[in-house]
Structure formats: structure tokens, C-alpha cells
Number of protein chains: 2
Amino acid sequence: MASIDERYEELTAELKQIALLNSCSSVLGWDEQTYMPPGGAEHRANQLALLAGMSHERATSPRLGEMLDALQDEEELGGPDSERAANVREARRSYERATKLPRRLVEEQSRARTLGQQAWVAARRRKDFAAFQEWLEKIVALKQEEAEAVGYGDGVRYDALLDDYEPGATTAEVKEVFGPFRDELVKLVAAIAASDVNPNIDLFSRRYPIESQREFGRKAAEAIGFDFSSGRLDEAAHPFCSSFGPGDCRLTTRYDEYHFPGAFFGTLHEAGHGIYEQGLPKEAYGTALGHSASLGIHESQSRMWENFVGRSRPFWNHFYSKAQTAFPEALGEVPLDEFFAAVNDVRPSWIRVEADEVTYNLHIMLRFELEQPLISGDLKPADVPGAWNETFHRYFDMTPPDDALGCLQDIHWSAGLIGYFPTYALGNLYAAQFFEQAAADLGDLDAMFEKGEFQPLKEWLNRNIHERGLQYRANRLVEVVTGKPLSADPLLRHLHGKFDSLYRL
Amino acid sequence: MASIDERYEELTAELKQIALLNSCSSVLGWDEQTYMPPGGAEHRANQLALLAGMSHERATSPRLGEMLDALQDEEELGGPDSERAANVREARRSYERATKLPRRLVEEQSRARTLGQQAWVAARRRKDFAAFQEWLEKIVALKQEEAEAVGYGDGVRYDALLDDYEPGATTAEVKEVFGPFRDELVKLVAAIAASDVNPNIDLFSRRYPIESQREFGRKAAEAIGFDFSSGRLDEAAHPFCSSFGPGDCRLTTRYDEYHFPGAFFGTLHEAGHGIYEQGLPKEAYGTALGHSASLGIHESQSRMWENFVGRSRPFWNHFYSKAQTAFPEALGEVPLDEFFAAVNDVRPSWIRVEADEVTYNLHIMLRFELEQPLISGDLKPADVPGAWNETFHRYFDMTPPDDALGCLQDIHWSAGLIGYFPTYALGNLYAAQFFEQAAADLGDLDAMFEKGEFQPLKEWLNRNIHERGLQYRANRLVEVVTGKPLSADPLLRHLHGKFDSLYRL
């Protein structure tokens, strides 16, 4: 048998090739969303299908299985806490998950996604849940089958799906944190709704010339630490961040001449994702150590820059005069207090992606609470609209007028993404806990932000989170970084700290 | 054995997959030249190397060889002139060429290209041929070895290299056309140089705002028939046209605020390439029938739109008032006659890529005349500067002051592209012969261009050239389309027709 070094090298070389191949798909996917002319759609689908097939073949090859089998002994790798053991463990997890799914199931899911999304688009347009119901049934059944194939402990089938996006997280753990948090949120939202403070959000519908938005957003992304010599900011209908690999990370946003916050906070959000990707250890590319820890941790980085920094008073103490210079017509006469209140407007609304920092979390709770019984079988797809509206009323004291503003609003379920939503709220929770720890370690963050100094926070994130890659899974990473398990307290402190005074609660 | 239909289907399916894989590299290559941030260079090189390796493996696989072996009988395929036979023939040609090259040679060439280009860049900057000489020796030796591996008839080693770019063309055929053409060109250039007509080319160094250049160039590309719903025009340091596959063709150009013709005629040139790619039969993608006939035929399309159309009087009779509107400062007071003469300025110059419609061909002849003895071994790389300068003096009656303006100016040799240059002049010759035939078939092209009607010519090219793909090799295609073998007479008629009157010869 080859030496441990040789066996380990062979594995990582193969993992890098697979990552490299997948990163080619990322380039094609980015181009599809940013620059591809409409006529290229069919050929692009063919290209992506070919690359996906080749990647799947390589990621599930018996040869890779043999390489993993030859690296079973964690002691030989340097002990269970070693970087090598972490890389092998995560590679095995991916391999097992991929090989446990029968080819027929993968193909059926792919077909159901394509057709289900088409049905969803039409159903949402016609506000007609019935037209989507049979696809939701099909997709839920296939996800149940996937969960059974992958396996799960404790009799909670949803665990198998959650684990795909948030490795190592369990439904029970998430519920334990979400439950009390939700009750507090409902109270906070009700108190804000009852407050007589009404931020002037109309000032955001004034004219903000797109060229100025582009420049202002780019400067802000640069100021918080996104490296444009290793990245770009382009436009896309559905904004995203896509890292192609070391040294090349692409952000996108969407400009509306008569709406300022969308592109600006969207840019900060995507830049937060990008700063994470740019901070991963380049030399570990292709292995777990070079990979983000989870979707939730990823979201914690975007939310931190978007909300904890970008919607903070010290941030605007620094940036507001620049904003007034960039948008003299719209903001020249607007006092900072008025602008800052508008940036932090909180109000119940139907649509998740337009929701503010407080209510956003409740939108997620609702989906999490519906997904669990959907996957266990306790909630029939046919009963989703009723369950949605009932839960929505419980949280926000209002009922969606139709399903387009209710259970048909998100693309996720039609795309087979069940178990994904919780990572959005987990991201907010992680962000708060990390941010508190950063403040404890670094001192007066507010004073730094006021002077436009964002580098200390960025470097703290680099050291504590980015450079670790997926050495630790999310819940463990939180403990390693903050010394405590995940808790909703930091986020509640943050929200009360800001909104109690803004809304005079 | 499977039926002929099944065997043929199996081959074309595999060819399409190989083409699809190569087209992924095209997307990555385009992005590299247009949008990639500098930090992405190393990762991009890794991605492209991976794709190139996978593509090479597939294009030289024994399995593909077996598929081709099972399709040897041209009668069974529908006779030697059938589309199927053409597809199989060209696939076999590519396969044989690829499999004849030993892996060691391919790798050595790749390394020599990379290092040779670096040496060339430095040598050109320092005007120091000696610093490049050893790389030229290495590259020439490897190309000689490649020619020997591929094989050739008639004892002309250069044939094997020429054939890579212009399938089926031989050195003897090309010399037969180039020889008398060159003698006539030398006379024409001398006559123009002796003429007392001096076009006012200074008007091109006025200010042409880039945004206006972009819009004007795009409109012209659209007017001649480039379909922007299936393509784009972006910017790149070294302009090119890259077709990703059916429905997606990317053009690039380069703007200089103080030089009008570069970007404008460059855009028409690349649009000509793009119109060819957009006109190839989509359903034949991946096979010879869906592929351009040769580099020379490709160049005939770009040159036709750039020179035969774009530098013609009727083109500017239609477009000049629009140009004056787009560039009022630079052109508002300039009469059309003066502008048109400047667009057709002819004068000997050192640099090929800046040369005019007449002298350009002589730059090519010179390279063709040096490449043949270089490859046969009759010209030592060390003697290239002397041979270059001597030939240059013979053609243009002037001698390059240094090698940067002489034999070090082009990237081609350092990139291993020997045998490629002749296709540029062949393109001009093909263009002239096709253009005469189009005029004979369509009637008064000038009258059409004056009215801005370019569609009849574009559709004639679609029918006669584009839709045929590589059903015929270039020299045969010329005969099929024009009824005559390739001749320099049409190009000489075109040049005398335009320049005798412009320069009052």
C-alpha cells in the first residue's frame, strides 16, 4: 500500500480536479445570468448538462470510493481534529450522499425541478395554487424518497434534507433556538406596528441615477473589503455571488432608478458573501478546508455586512455625506436622522425578499414550520395554502389576500430546495453571535465604522471564520469562535438595541 | 453489427459532445479576455488545462477510432459527395491528425509556446531578436517534427502545417496564386506611393467619444446582419470573434478615443466572422457540416464586410451622414470625399495589423515566403532578420529600422502558429472572388448598399457559403460557388477598380 502521504495526495488531487470542473460550470452559470444573449439559452443548457454529468460521474466514481476507503484511519491522518481528517471526513460525506441517491431518483428530481418551476411560474402569475399542487406533491414525494435514501437518525426525516445545506445541523437543535426567538419576534413586531413612529420611506422612491448607484455601491463594497482585483460586480435579474475559485469572485446586483435600498444593500449583502469566498484558504482549494462551512455561515457573512454594519448608525455617520454628494437631488435636503430611520423601516409585509431585518426572520420560521410536517407526511401539499395563511396571521396579524402573496411567492420548493430556508434565519443568528464576539475582541466597532475603518472587522472575520474553511461544522464553529453554543440572545439584543430607540418602545 | 444509421448516430453524438466540451472552453476563454479580474488568471489557466485535457482524451480515444473504423464505406453512407460521407471524412481527418501526434510532442509544444511567448514579449520590447532566436529554433524544430508525424505528400513539409489551418490546401497551389498576384501588388503599391494624392488621415486622430463609437459600431454591425439576439459585442485588448455554439456568438473590439478606424472596421471585421458563425446550420453542430470551411474562408467573410462593403463608396454614401451626426466635432465639417479617401489611405508601413487593404497582402506574402524555407530547413532561424529585411525592401522599397518593426512584430511564430499566415491573404482572394459572383447573381450591389440594404448580400453568403459548413474544402467550395478555381484576378480587379481612380493612376 502507498504511504499515507501518497494516499492523501491522491485524494486531494482528485478532489481539486472535481472542484475545478464544477468551477467551469460556475463561469457558464454566471455568464448565463449576466451577459448571455437570449439565443444562447438552449446551447448553454446543453453545455451545463454535459459538465454536470461529467462532474457527477467523477464525484461518484468507484475509484474515488477506493481512495476514501484507503483513508479510514483518522489516527493515521493526524487525529480526528486534524485538517487532514476534516478533509477526508467531508469528502466522504459528499461521496456517500451522492452515491446513495439512485440515478433514477436524481434524473426524476431534475425533470420535476424543470417542469415544476415552469408550473410554479404560471401558477404564481395566475395566483392559482391548484395549478402547482400536483407538482408540489411530486416534488415532496421525491424529497421524502431522497431523505430515505440518504438516511437520518432520531426518526426525523427532515434532518436528512437540512443536513444537505447545513451539515451536521438537526431539526431538534434548530427548533430549540428558533422557538423562543420566534415568540420574542412576534412581540417585537407587534410593538413596532403599534408605535406611532412612521419612517418616511417615500424618500427611497425618488430618482437615484443608475450610474451614481453603481459607483456608490462599488465604493461601499470596496470600503468594507471586497477585493476588486480578484472580483467583479455586474448586473443580473436575480442577484447572486458566484466564486469561480481562488482569485475570482463575481457579485451581481440589480438597479432600479426609483428605488435606492435594493441595489445598495443587495451589493453589501453579496459583497459579504464575496469577502467570505475571498478569505478562504487558497491552497486548500477543492477540499473542505478551502470551502465555506455551511449556507448558514455564508449567510451570516452577508447579513453582517448588510444589516449589522450597513444599516448601523455609525456606518451612515461615515457614508451619508457621500450619499448626499452622489444623489444630491434625492437626498440633498434629507437629514441623516430621517434617512437612517427609513433605512431601518420595519413593517409586516407579504413578501419575504422585501422584508426588513426584523420581520424577515418570521417569514423564515413560517416556512420552516411548514416544511417539517410536509416532509414527515403530516401536512398534505393540498393543505399548504391554509396552513400558510393561518401561520402568517398568527405572526403578523394579517392574512395574505392570495397565494401569489402567500405560499406561491418563493421559487425554492418548485426547485426542490426543501430544508434550505432555515439557513437564512440561522445566518442572522450566527451573524449576531459573531458580531458580539468581534466587538468584545476588537473594542469599539462603532468608532471604527464612523471613521470608515472596516478592515479590523474584516480581518477578524478572516482569521476566525474564513480561514478555517469547513474545518468545523457550523454549530461547532460558533462554539470555537464565541465560546458558547448558538443562542438567539445576541440577535434579540441587537434588534432591541436598535429598534427600541428607533421606534421609542 | 449495428445498422448504418445507428453507427452514424453514435459517431455524431460523440462528436457533438466533444464540440460541446470545447465550447465550454470558449466561454472561459472569452471571459478571460473580456471580464475576468486579474486575480483570476491562475485559476482560469487551471480550468482551461483541465478542459483541454478532457477534450483531448475524448478526441483521441480508441472508442472514437472504432466508431470511425465502422464507417469506412462511403457508399454505405450515401456516396462520397453525401453530407454523411463529408462528416465522417472530416472527423477522421481530425482524429488522425490528433492521434498521430505523440503526447510528448504535444506537451513539449505547449511548454515551448508558453515560454516562447514570454521570450518573444521581452525580445520585442528590447528590439532584440537574439533573445528570441533560441525559442524560434526550438519551435521550428517542433513544428518540423509535427509535420513529419502528420505526414505530407510531394516532399513539401510545409504542406502538413498549412493543412492544419486550410484543410486540403497545398503550398504549390497557394504559390501559384500568390506569385503573379504579388508582382502586380508591388507595382500597384509603387504607383500609389509615386502618386501626388495624399489623403488627410489626420482627421482620424480627432476626438471620437467612445460611447458614440460603441453605438455607431453596433448599429453598423446590426445593419450588415449580425444578430444581437444571438450575440454580443464587448471589449478586449486583442479583438476576436468567438462562437460558443448555436445561438451565441461573441464579438469583441477595442476603442481608442483618438482613432476612429480601429474599432469601427474592427467591428465590421469581427461581425463578418460572426455572421458566418451565425449562418452555420445549427442542427449540424459538432459535425463538419456545422463547421466553417477553413480559416481562409472565415477570413473571406470578415474581409468582405470590412473592406469590400465597409470601405466602399456606396456604404459611406449611406452611412456618412449618420457618422457626422454621431461625431459632429470630428466630422461635421469634413466632406464625404475627404473622409472616403482617408478610409482608403494606402501607404507602406512596418506593421501588418495596421496595414491597408493593398499592402496588407504583401505583409502576408513575406511571411509565407519565409515560413516555407524555415520549415524545410533551408532558412536558419538565425538568418530570419536578414531575410525579412531583404524581402521587405524588395516589396516596399524600405528597410525596417529594427526587429520590433520587422520580424518580431507578430505573436504567431512564438505561439507555434506556422502555416497560419497564408490564410489571411487567401481570405482576401476568396472574398474578391465570392463578391464578384454575388454581384453577378444579385445585380447592382452598389445601389443596394447606398440604400442601406445589406440583407441580399448576407443571404447570398448564407446560402452559398455559410449553410454549407465544411461540406466542401475551401478550394472546392470556391469552384462550387463561383464555377472557377481560385484566381487573383478578382482581387486585382477590385483593387484597381477602387485605387486607380482614388490615386489617379
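For chain B, the option among A:A41, A:G231, A:C249 with the highest count of heavy-atom pairs below 4.5 Å is A:G231. Between chain B and the residues A:P37, A:S25, A:G40, A:G247, the largest count of heavy-atom pairs under 4.5 Å involves A:P37.
Contact between B:L20 and A:N46 at its shortest, heavy atoms only, is CD2-O, 3.5 Å. Contact between B:G245 and A:H43 at its shortest, heavy atoms only, is CA-NE2, 3.6 Å.
In this structure, the separation between CG on A:L51 and SG on B:C24 is 4.0 Å, given to the nearest 0.5 Å. The CD atom of B:Q47 lies 10.5 Å from the CG atom of A:N22; values are rounded to the nearest 0.5 Å.
Within the 4.5 Å cutoff, the side chain of A:M36 has no heavy atoms near those of the B:F244 side chain.
Between A:D31 and B:R250, at least one side-chain N (NZ, or NE/NH1/NH2) sits under 4.0 Å from a carboxylate O, which counts as a salt bridge.
Taking a 6.0 Å sphere around CD of B:E66, one finds it holds more than 12 heavy atoms contributed by other residues, nucleotides or ligands. Atom CZ of A:R103 sits in a sparse spot, with 12 or fewer heavy atoms from other residues, nucleotides or ligands closer than 6.0 Å. In the displayed structure, A:E329 atom CD is contacted under 6.0 Å by at most 12 heavy atoms of other residues, nucleotides or ligands. For B:H466, the NE2 atom is densely surrounded, since the number of other residues' heavy atoms within 6.0 Å is greater than 12. Within 6.0 Å of the CD atom in B:Q455, the count of heavy atoms belonging to other residues, nucleotides or ligands does not exceed 12. More than 12 heavy atoms of other residues, nucleotides or ligands lie within 6.0 Å of CD in A:E222, so this atom counts as buried by the packing criterion. Around CD of B:E42, the count of heavy atoms belonging to other residues, nucleotides or ligands within 6.0 Å does not exceed 12.
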Can you check side chain to side chain contact (heavy atoms under 4.5 Å, CB included) on A:M54 and B:L21, steps first, answer last?
CA-CA 10 Å; A:M54 292 193 308; B:L21 184 53; 3.5 Å; yes
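Using modelled atom types, no side-chain atom of A:Q17 and backbone atom of B:L50 make a donor-acceptor pair closer than 3.5 Å.
By the 30° and 60° cut-offs, the orientation of the rings of A:Y35 relative to B:W30 is perpendicular.
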